[in-house]
Amino acid sequence: MQNPLTGILPVAPTPFHADGSIDPDGMRRVLDCMIDQGVDAICILANYSEQFLLSDEERAILTKVSLDHVAGRVPVIVTISHFATDIVVYRAKEAQAFGASMLMMMPPYHGVGLAPAKQGVFEHFAAASDAVSIPIMVQDAPLSGVTLSVPLLVRMAKEIENVSYFKMETPFAADKLAALIEMGGDHIVGPFDGEEAVTLLADLDAGCTGTMTSALQPEKIRLIVTQYRAGNTDAALEQWKLCLPLINHENRQCGLRAAKTVMMEGGVIGSDYVRHPLKPLSPRTKDRLMSLARELDLIALSWGK
């Protein structure tokens, strides 16, 4: 990438057939739909891609399918999170070899009692950086249970060559983003919002330059970022108000199932299957999801029809 990545970089869901096997053709259709949604980049194998339910062989297949199919139309970010540093290094090398533009990773975590010390976290990211020559995005999310302090993140940005992007999903994300940008200066190339954009407006106020949402409504949320960054803050606020009911329903009620369910309804994929122990949406939650999606006339809702 010649210029810093900004805008909206949604997570691609991983489609499965109704029997639970991966659906490579469906993956290609998901990627095409997302490009038609006007995304600035696509992230694969993230938590909202059910990465924790995929085998290593399935990861490799999906990585190659995705990068071959996108073929440079937009940058592709490959998530490589794992507790084991050696596995993260292997995944980093593999993703770059397949053509990834960026990597994303969480700190190593495996339950409250197995969170490494901050030096271990630093070395974990440093090892991944040493293995590649592409940017790394640090995902700072409550899911890990690992505290990434602002001083630690700034140290990583300053001392680890390829660590330059940050996806902030912690409570009070805007305050943390503002502190990170102030302390890190030019070393913070890409401060990003996450968590389905539920805190996007506050995070834009704090200085974030983009957001990583799901693939549910990126064409709608992207306008919030572009309007805000163009100085049209009132228009950004109005767009955020328009998107917020669906953002909230996805974030609080549906989780990673929302995009898959809407994409199935829109003919993008043939099944919205999620792997056990995850369960499908309840009819009540699905009905509200579809009602909100239809109100916004989402691209994913009609893309394949």
Side-chain angles (χ1 to χ4, degrees), residues 10-34 42-67 69 76-84 87-88 90-91 94-95 98 103-106 108-111 114 139 141-145 167 169 194-196 212-216 249-290 293 300-301 303-304:
V11 170
T14 299
F16 302 110
H17 294 294
D19 65 1
S21 60
I22 59 172
D23 178 5
D25 286 337
M27 188 78 238
R28 295 182 183 97
R29 289 172 63 80
V30 165
L31 296 166
D32 286 340
C33 176
M34 293 177 71
I42 295 172
C43 181
I44 63 171
L45 302 177
N47 295 326
Y48 260 40
S49 312
E50 296 172 73
Q51 60 92 5
F52 37 77
L53 293 166
L54 297 170
S55 70
D56 291 344
E57 180 183 5
E58 289 170 332
R59 282 182 53 90
I61 291 170
L62 291 166
T63 301
K64 190 170 192 311
V65 163
S66 297
L67 286 159
H69 188 68
V76 175
I77 304 162
V78 178
T79 308
I80 60 169
S81 302
H82 197 279
F83 187 80
I87 293 175
V88 164
Y90 175 84
R91 289 179 174 182
E94 180 182 66
F98 283 149
L103 307 173
M104 183 171 77
M105 53 189 286
M106 298 181 73
Y109 69 96
H110 195 73
L114 280 175
Q139 183 178 5
L143 174 65
S144 74
K167 179 186 180 185
E169 300 184 287
E195 206 179 8
E196 295 73 69
M212 184 180 286
T213 65
S214 77
L216 180 61
H249 189 66
E250 177 185 28
N251 179 263
R252 303 300 295 171
Q253 306 300 327
C254 303
L256 60 83
R257 299 167 295 181
K260 296 178 84 163
T261 297
V262 168
M263 283 187 167
M264 183 183 72
E265 180 69 20
V268 181
I269 54 178
S271 170
D272 63 352
Y273 184 93
V274 290
R275 282 186 168 174
H276 195 270
L278 300 179
K279 294 288 190 179
L281 294 174
S282 69
R284 179 192 68 257
T285 303
K286 181 178 177 180
D287 286 348
R288 177 58 63 189
L289 170 67
M290 298 311 300
L301 199 53
W303 185 88

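- Atoms CE and NZ, from M105 and K167 in turn, are 14.5 Å apart once rounded to the nearest 0.5 Å.
- The two residues P15 and G26 have their closest heavy-atom pair at CG-C, 3.5 Å.
- Atom CG of N251 sits about 11.5 Å away from atom CG of L216, to the nearest 0.5 Å.
- Paired with E50 under the rule side chain to side chain donor-acceptor pair (under 3.5 Å), one option of R257, R275, K260 passes, and it is K260.
- Across every non-hydrogen atom of D32 and W303, the tightest pair is CB-CZ2, 3.7 Å.
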Pair M104, M212 - check side-chain contact (heavy atoms from CB on, under 4.5 Å), show working.
CA-CA 11 Å; M104 183 171 77; M212 184 180 286; 3.7 Å; yes
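- We find the CD-CD1 distance between Q51 and I80 to be 11.0 Å, quoted to the nearest 0.5 Å.
- Nearest heavy-atom pair across A12 and M27 is CB-CE, 3.8 Å.
- The line from CZ of R29 to CG of L31 is 11.5 Å long, rounded to the nearest 0.5 Å.
- Closest non-hydrogen pair, Y273 versus F16, comes out as O-CD1, 3.4 Å.
- Residues C43 and T79 form a side-chain contact, since some pair of their non-hydrogen atoms from C-beta on lies under 4.5 Å apart.
- In plain terms, the two heavy atoms of E58 and L53 that are nearest each other are OE1-O, 4.2 Å.
- Side-chain N/O atoms of E250 and S214 include a donor and acceptor closer than 3.5 Å.
- A heavy-atom distance below 4.5 Å is found between the side chains of R91 and R59.
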Go through it in stages, so that I can follow the logic: the residues are M263 and M34, the test is side-chain contact (heavy atoms from CB on, under 4.5 Å), and I'd like the CA-CA distance, side-chain angles, deciding distance and then a yes or no.
CA-CA 10 Å; M263 283 187 167; M34 293 177 71; 4.3 Å; yes
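- Residues V65 and P24 come closest through the heavy atom pair CG1-O, 4.0 Å.
- At a threshold of 4.0 Å, the pair R28-D25 counts as salt-bridged, since one of the basic side-chain nitrogens sits closer than that to a carboxylate oxygen.
- Side-chain contact check for D56 versus I87: every heavy-atom pair is 4.5 Å or farther apart.
- A distance of 8.0 Å separates CG of L67 from CZ of F98, quoted to the nearest 0.5 Å.
- For the side chain to side chain contact (heavy atoms under 4.5 Å, CB included) criterion with S66, the lone passing option out of I44, T14, I42 is I44.
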For I22 and L54, what are the C-alpha separation, side-chain angles and deciding distance, and is it a side-chain contact (heavy atoms from CB on, under 4.5 Å)?
CA-CA 9 Å; I22 59 172; L54 297 170; 4.3 Å; yes
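- Listed by chain and number, the residues in a side-chain contact (heavy atoms from CB on, under 4.5 Å) with T261 are D272, L281, K286, L289, M290 (sequence neighbours excluded).
- Within 6.0 Å of NE2 on H110 lie no more than 12 heavy atoms contributed by other residues, nucleotides or ligands.
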Take V30 and V268 through the side-chain contact (heavy atoms from CB on, under 4.5 Å) test and state the conclusion after the steps.
CA-CA 6 Å; V30 165; V268 181; 4.2 Å; yes
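- Taking 4.5 Å as the limit, every side-chain heavy atom of D19 sits out of range of all side-chain heavy atoms of S271.
- The CZ atom of F83 sits 13.0 Å away from atom CE of M106, with the distance rounded to the nearest 0.5 Å.
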